[in-house]
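All values below come from the heavy atoms of this structure, side chains included, with hydrogens, waters and symmetry mates left out.
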Amino acid sequence: MKKILLLATTAVIAFMTACTCGKNENGTDMDKNGTIENLKTRRAIRAYKDSLPNEELLAQVIEAGTYAPTGKGMQSPIIIAVTNKQMRDSLSRLNARVMGTDNDPFYGAPAVLVVLADRSCPTYIYDGALVMGNLMNAAHAVGLGTCWIHRAKEVFDSEEGKALLKSWGIEGDYEGIGNCIIGYPAQELPAPAPRKADYVHYVR
């Protein structure tokens with residue numbers, strides 16, 4: 001009887017060891033963490049299909065943006081979700097004007113998530129940048145493509161940009177942080193550039 005119990009105990013220990021091998025303290029597989037893989041495989045997309053993203057997917061991405069960390073939890077940024085084609089095209093023209101071109105700086109993406117942040121908050125630029133990061137990574141997680149397009153600051157510091165904010169009912173001293181263009185990719189994910197050798201410096 002003792003021999004049978006010993007064999008059973010040994011089998012249970014072996015099973016538990018096999019199940020927990022490669023797990024961290026939270027029980028997450030250290031070899032293949034989904035979140036980390038998502039962060040590593042996201043790429044800037046510069047070609048899009050015409051169709052708007054599914055509303056449910058877009059809502060998930062936007063919600064993820066609102067959960068970005070902000071200084072003292074003050075939530076200084078706001079997100080303007082532009083899915084109206086006429087307004088999207090107007091923003092594209094304003095953005096192109098800053099560069100002095102007439103090309104579409106939004107690469108044909110059908111929607112734009114404009115991130116602005118309240119200048120009265122000391123960390124507003126960092127807060128807005130973190131929101132942009134959340135949006136891009138969340139979009140990749142649900143199969144959408146994105147790219148950070150700059151010049152939101154110049155656009156919304158202009159008289160036309162300020163007029164747009166007013167027409168949208170947005171009051172306050174907001175600075176444009178970035179335009180997160182978003183849609184279904186019409187290209188393969190670009191290969192990642194090799195990470196530079198001196199990217200990380202350990203101080204132990």
Side-chain angles (χ1 to χ4, degrees), residues 39 42-48 50 52-53 55 57-142 144-185:
L39 295 173
R42 185 211 61 80
R43 296 286 176 271
I45 299 299
R46 294 180 173 84
Y48 295 84
D50 293 333
L52 278 170
E55 287 187 13
L57 294 183
L58 194 58
Q60 289 180 28
V61 172
I62 293 170
E63 183 181 27
T66 68
Y67 279 89
T70 59
K72 295 185 178 180
M74 293 178 67
Q75 301 180 38
S76 67
I78 58 173
I79 302 168
I80 311 297
V82 180
T83 56
N84 176 279
K85 187 179 187 310
Q86 184 177 355
M87 183 54 66
R88 175 258 183 233
D89 291 346
S90 294
L91 289 177
S92 172
R93 284 192 293 271
L94 288 173
N95 198 294
R97 186 185 301 171
V98 175
M99 293 190 295
T101 70
D102 57 3
N103 296 327
D104 176 20
F106 294 162
Y107 297 105
V112 186
L113 304 178
V114 183
V115 176
L116 303 101
D118 187 347
R119 286 186 173 101
S120 67
C121 180
T123 57
Y124 77 96
I125 292 179
Y126 314 111
D127 297 344
L130 285 166
V131 170
M132 286 288 293
N134 266 32
L135 292 173
M136 293 187 291
N137 287 311
H140 178 51
V142 298
L144 296 174
T146 60
C147 187
W148 183 327
I149 304 300
H150 292 284
R151 297 169 295 281
K153 180 182 187 302
E154 292 84 350
V155 167
F156 290 99
D157 278 349
S158 71
E159 291 306 314
E160 288 173 280
K162 290 176 182 177
L164 281 177
L165 292 179
K166 187 175 181 180
S167 71
W168 296 336
I170 297 168
E171 298 181 356
D173 188 15
Y174 283 98
E175 180 174 313
I177 304 299
N179 303 283
C180 179
I181 59 172
I182 186 168
Y184 295 107

Side chain to side chain contact (heavy atoms under 4.5 Å, CB included) filter on S167, not counting sequence neighbours, yields L164

Between P110 and G183, the two heavy atoms sitting closest are CD-CA, 4.1 Å

Quick one: salt bridge (charged side-chain N to carboxylate O under 4.0 Å, His left out) pairs with a partner in residues 117-132, sequence neighbours left out?
R119-D157, R119-D173, R119-E175

Could you tell me which non-hydrogen atom of C121 sits nearest to which non-hydrogen atom of M74, and how far apart they are?
SG-SD, 4.0 Å

Applying side chain to side chain contact (heavy atoms under 4.5 Å, CB included), name anything that partners A138, two or more places apart in sequence or on another chain.
V61, A64

Qualifying residues under salt bridge (Lys or Arg N to Asp or Glu O under 4.0 Å), relative to E160, sequence neighbours excluded:
R97

Who are the side chain to side chain contact (heavy atoms under 4.5 Å, CB included) partners of P185, not counting sequence neighbours?
I45

Nearest-0.5 Å distance that lies between atom CG in D102 and atom CZ in R93
11.5 Å

Residue of the set V131, N134, L130 for which side chain to side chain contact (heavy atoms under 4.5 Å, CB included) holds with V115
V131

Taking atom CG of L58 and atom CG of L113, what is their separation to the nearest 0.5 Å?
5.5 Å

For the residue pair A44 and R46, what are the closest heavy atoms and their distance?
CB-NH1, 3.6 Å

Which residue pairs satisfy the ring pair (Phe, Tyr, Trp, His ring centres under 6.0 Å) criterion with at least one member in residues 89-132, sequence neighbours excluded?
none

Nearest heavy-atom contact between P105 and I149 is O-CD1, 3.4 Å

Give the C-alpha distance, both sets of side-chain angles, the deciding distance and a yes or no for side chain to side chain contact (heavy atoms under 4.5 Å, CB included) between I177 and F156.
CA-CA 10 Å; I177 304 299; F156 290 99; over 6 Å; no

Go through Q60 and E63 one step at a time and tell me if the side chain to side chain contact (heavy atoms under 4.5 Å, CB included) criterion holds.
CA-CA 5 Å; Q60 289 180 28; E63 183 181 27; 5.6 Å; no

What distance separates L135 CG from T66 OG1, expressed to the nearest 0.5 Å?
9.0 Å

Minimal non-hydrogen separation, M136 against C180, with atom names:
CG-SG, 3.9 Å

Below 3.5 Å, can you tabulate the donor-acceptor pairs from side chains in residues 78-86 to any protein atom, sequence neighbours excluded?
unit_1	atom_1	unit_2	atom_2	d
N84	OD1	Q86	N	3.0
N84	OD1	M87	N	2.8
K85	NZ	D89	OD2	2.8

Side chain to side chain donor-acceptor pair (under 3.5 Å) involving T70 - partner list, sequence neighbours excluded:
none

Approximate separation, where rounding is to 0.5 Å, of L144 CG and Y48 OH
9.5 Å

Under the side chain to side chain contact (heavy atoms under 4.5 Å, CB included) test, residues paired with N137 that sit two or more places apart:
N38, L39, R42

Sequence neighbours left out, what passes side chain to side chain donor-acceptor pair (under 3.5 Å) with R43? Give chain and number order.
none

Over all atoms of both residues, closest heavy-atom pair of H150 and N179:
O-ND2, 3.4 Å

Answer yes or no: is there a side-chain heavy-atom contact under 4.5 Å between L116 and L165?
yes

Report the residues that fulfil salt bridge (Lys or Arg N to Asp or Glu O under 4.0 Å) with R88, sequence neighbours left out, ordered by chain and then residue number.
D104

Does E154 CD have over 12 foreign heavy atoms under 6.0 Å away?
yes

